[in-house]
Amino acid sequence: MLADVTAAALVLHDQQDPLAAKRDAFVLPANTLYLDGNSLGAMPKAAAVRAQQVLAAQWAQDLIKSWNTHQWIDLPQTVGEKIAPLLGAAPGQVICCDSTSVNLFKVLSCAMLMQTGRVKVLSQAGNFPTDLYMVQGLASLLGEQHCQLVLANDSIDNQALEQAITEEVAVLLLTQVDFRSGRLLDMQRLTQLAHAKGVLVIWDLAHSAGALPIELDICQVDFAVGCGYKYLNGGPGAPAFLYAAKRHHARLTQPLSGWMGHQAPFNFDNTYQKAPGITQFLTGTPAILSMSVLDAALEVFADVDMATVREKSLALSSIFHQLVQQQGSLHALQLLTPLEPAERGSQLAYQHPNAYALCQALIKQGVIADFRSPNILRLGFTPLYTRYVDVGTAVAILANIVSSNEYLKPEYAIKQKVT
Ligand SMILES: *Cc1c(COP(=O)(O)O)cnc(C)c1O
């Protein structure tokens, strides 16, 4: 049994935190403890400055010349190269574009076309819905004889999943950190198991990019996708990213063959000829405003060691859970997230029959968390701007909401559109 966590210990942790100074790179509202950076990262100050610059100095003044003079045209590659080190990817393999869902469609189609005689896409029951829906969409386009979604049961030991990786499977599509439970899968092991059976692998990094060290190249991953607006702090609806291993580039065909993925867009040819390298994954005109903001937001990571981020993330979440256990009133909260560090990402998920009301009551008192159906209270830990003392305060507020029955007030039961 660990000793109780004291308020003084939390203050000491903050004083010794190598990432403490990073908090100043963000705009954080007063009287708010933000534990939802896994859903929408907080705003870096540099992002606000860049947004102003792009509007006032670039768009307003330089107008269309900006495509060349401010290198707007290269932004998908520039931002991709800034994300690459966070993914353990050598240059030339990551590009910023579109949404995670759309990018998934592109890489999934590529992977299916690379396989002959195999039609199954294996994923996990409980994977993020958009991942499953995109496979279903491709299956309805191609027909069941060309594409079929197969779901392995979501068991704690991954046994069902590992057994389902057979030579009948074309593509293994997994999310590295589960959006509900926060469970972290073993990328190296699962990728190896898949490759041994001739299966191509796509990893969704939505809840891992910017949260923990990732080694796409070392794990020999085939394809990956992920979000710009979660741990990368790119702002609401920020463009996503896509990784395709260089060894595959020459033989890929992606179906959303728009002009920006053409080898010479400004030749305006009638016939599509894909661009070499990662640029072949572009489709239409990049969203310059939001991509510029993401570009600026990524500067926060320039001098950050992801191992340090990971260490603090695990410490914050461990302490949060320890504090929850110290509070008698919080016994009804059931931790869904594995406690083993190798098996969890940067969030904690608690089941509670009144999880929605708890979440609403927390938000009312300035602790921003979120709710995931049917009964999960989800708390994200973002080491770049969350302090140890914040964790202590958040648990104290949660305990108070429960012991006072505050959360049972009818106002907290009203369902909002976004939970
Ligand atoms: C957040 C999230 C997405 C989001 O996809 P969008 O196309 O950006 O809306 C996709 N996959 C996972 C696993 C997610 O957590």
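Since we're looking at a predicted model, the values are computed, not measured. First listed ligand is number 1; within each ligand, the first listed atom is number 1.
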Check: Hey, which atoms in ligand 1 end up nearer than 4.0 Å to a heavy atom of H207?
Finding: 15 (O)

Margin query: Heavy atoms only, cut-off 4.0 Å: how does D131 contact ligand 1, side chain, backbone, both, or neither?
Written below: side chain

Next item on the list: Enter the distance from T78:OG1 to Q71:CD here, rounded to the nearest 0.5 Å.
Entry: 7.5 Å

Next item on the list: Assess the side chains of R183 and T337: does a donor N or O sit below 3.5 Å from an acceptor N or O?
Entry: no

Notebook entry, point to check: Would D222 and H195 count as having a side-chain donor-acceptor pair, cut-off 3.5 Å?
Noted result: yes

Margin query: Tell me if the NZ atom of K45 is crowded by more than 12 foreign heavy atoms within 6.0 Å.
Written below: yes

Check: Short N/O distance, under 3.5 Å, between D204 and ligand 1?
Finding: yes

Item checked: Which of the ligand 1 atoms, numbered from 1, are nearer than 4.0 Å to a heavy atom of T175 -> 13 (C)

Next item on the list: Decide yes or no for K82 and D295: does some side-chain heavy atom of the first lie under 4.5 Å from some side-chain heavy atom of the second?
Entry: yes

Next item on the list: Using distance alone, decide if ligand 1 has a nitrogen or oxygen within less than 3.5 Å of any nitrogen or oxygen in T130.
Entry: no

Notebook entry, point to check: Tell me, which protein residue and heavy-atom name are nearest atom 7 (O) of ligand 1, and how many Å apart are they?
Noted result: S101 OG, 2.5 Å

Check: Can you tell me which residue and heavy atom of the protein come closest to atom 1 (C) of ligand 1, and the distance to 0.1 Å?
Finding: K230 NZ, 1.4 Å

Next item on the list: With the side chain counted from C-beta on, respond yes when N38 and K230 share a heavy-atom pair under 4.5 Å apart, and no when they do not.
Entry: no

Margin query: Would C227 count as a contact residue for ligand 1, given that I'm defining contact as a non-hydrogen atom of the residue lying under 4.0 Å from a ligand atom?
Written below: yes

Notebook entry, point to check: What are the atoms of ligand 1, with element, lying closer than 4.0 Å to any heavy atom of S99?
Noted result: 7 (O)

Checklist line | Closest protein heavy atom (residue, atom, distance) for atom 5 (O) of ligand 1 | finding: T100 CB, 3.5 Å

Checklist line | Y229, any N or O under 3.5 Å of ligand 1 N or O | finding: yes

Next item on the list: Would you please classify the geometry between the F179 ring and the F128 ring as parallel, tilted or perpendicular, with 30° and 60° separating the classes?
Entry: perpendicular

Check: Is the CG atom of D303 crowded by more than 12 outside heavy atoms at less than 6.0 Å?
Finding: yes

